[in-house]
Amino acid sequence: MIQARTNAPSETGALAAAIAGLARPGDLIVLVGDLGAGKTAFVKGFGAALGVAEVITSPTFTLVHEYRGTIPVHHLDVYRIEQLDEVRDLALPELLDGGSVTLIEWGDRIAPMLPNDYLEVCFEFGEGDDDRTVSLNVLGIGWSSRVAALRAALENWTNESC
Ligand code: ADP
Ligand code: MG
């Protein structure tokens, strides 16, 4: 696990941009954390780094947004999904096969429906209003070869000051 800290939304965006630099078509990123923890802020920074020109907003009601970038981005928010059955309507396997990067807010809620190969990013509130802890877990082989690169990319946020 890689643990990082940010203390402004722009920093969470910059951290996401650093991760986006390592993204490949077909990647899945699962975003975990309470309301207001920074999941959408992460996607905004991630998308911007992939050249998404549109304003990225939370797809809470539409469930999925698609953006054009250097790699296409699918942004899902499954907060409102109550039955795992509803996940079938999202056609996840097709999204994941389509050469895009897929980011799913509240993705832990549909864990049984996910492939077992993804990057999990967990957001937790810290002491100050703008403090967040961002933990990265690599599941499966897709991201495992990139762990060292992830650590290097996130160096700025993982350094503990004394
Ligand atoms: P979520 O999608 O997890 O519900 P959002 O990204 O929509 O959360 O909202 C996060 C909120 O917290 C925003 O209002 C943002 O300005 C604020 N915020 C404060 N500090 C941070 C930080 N370090 N990282 C991300 N967001 C932060
Ligand atoms: Mg959100």
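Just so you know, ligand 1 is whichever comes first in the structure, and atom 1 is the first atom listed for that ligand. Both backbone and side-chain heavy atoms feed into the values below; hydrogens, waters and symmetry mates do not. Just so you know, these numbers come straight off a predicted model, no measurement behind them.
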Hey, which atoms in ligand 1 end up nearer than 4.0 Å to a heavy atom of Ala41? 6 (O), 25 (C)
Could you pull out the closest heavy-atom pair between Ala18 and Trp157, with the gap in Å? CB-CZ3, 4.1 Å
Evaluate the criterion side-chain contact (heavy atoms from CB on, under 4.5 Å) for residue pair Leu76 and Leu103; output intermediate values, then yes/no. CA-CA 6 Å; Leu76 285 76; Leu103 300 102; over 6 Å; no
Is the distance from the Mg ion (ligand 2) to some N, O or S atom of Thr40 under 2.8 Å? yes
Does the N or O separation between Asp131 and ligand 1 drop below 3.5 Å for any pair? no
Answer yes or no: are there more than 12 heavy-atom neighbours, outside Glu94 itself, under 6.0 Å from its atom CD? yes
Mind checking whether Leu35 has an N or O less than 3.5 Å away from an N or O of ligand 1? no
With the threshold set strictly below 4.0 angstrom, can you tell me whether any protein non-hydrogen atom sits that near atom 14 (O) of ligand 1? no
Is the closest N or O pair between Gly33 and ligand 1 shorter than 3.5 Å? no
Electrostatic pair Arg146-Asp27, nearest N-O below 4.0 angstrom: yes
Among the N, O or S atoms that Glu105 has, which is closest to the Mg ion (ligand 2)? OE1
Evaluate the side-chain contact (heavy atoms from CB on, under 4.5 Å) criterion for residues Val64 and Thr62: first the C-alpha distance (whole Å), next the side-chain angles of each, then the deciding distance (0.1 Å), finally the verdict. CA-CA 6 Å; Val64 54; Thr62 47; over 6 Å; no
Is there a heavy atom of Asp34 sitting under 4.0 angstrom from any atom of ligand 1? yes
No-hydrogen, no-angle side-chain donor-acceptor test under 3.5 Å, Glu105 and Thr40: yes
Out of all atoms in ligand 1, which are within 4.0 Å of some heavy atom of Thr12? Include the element for each. 22 (C), 23 (N), 24 (N), 25 (C)
Determine, using heavy atoms of Glu11 and all atoms of ligand 1, whether some pair is separated by less than 4.0 Å. no
For ligand 1, is there an N or O atom under 3.5 Å from any N or O atom of Asp129? no
When you measure from atom 12 (O) of ligand 1 to every protein heavy atom, which one gives the shortest distance, and what is it? Arg132 NH2, 3.0 Å
Min over Gly45, Ala16, Gly36 of heavy-atom distance to atom 9 (O) of ligand 1 lands on Gly36
List the closest protein heavy-atom neighbour of atom 8 (O) of ligand 1: residue, atom name, distance to the nearest 0.1 Å. Gly38 N, 3.2 Å
How are the rings of Phe123 and Phe42 set to each other: parallel, tilted or perpendicular (split at 30° and 60°)? perpendicular
Verify, without hydrogens or angle tests, whether Glu11 (side chain) and Ala8 (backbone) share a donor-acceptor contact under 3.5 angstrom. no
In the protein, what heavy atom is nearest to atom 21 (C) of ligand 1, and what distance, to one decimal place, separates them? Pro9 N, 3.6 Å
Asp130 heavy atoms, cut-off 4.0 Å: which ligand 1 atoms fall inside? 19 (C), 20 (N), 21 (C), 22 (C), 23 (N)
For Ala8, state whether at least one heavy atom is located under 4.0 Å from any atom of ligand 1. yes
Euclidean distance, Ser145 OG relative to Leu22 CG, rounded to 0.5 Å: 10.0 Å
Exactly one of Val43, Ile56, Thr57 clears side-chain contact (heavy atoms from CB on, under 4.5 Å) with His65, and that residue is Thr57
For the CG atom on Asp129, are there more than 12 heavy atoms of other groups (residues, nucleotides or ligands in this structure) within a distance under 6.0 Å? no
In this structure, atom 7 (O) of ligand 1 is nearest to the protein heavy atom Thr40 CB, 3.5 Å
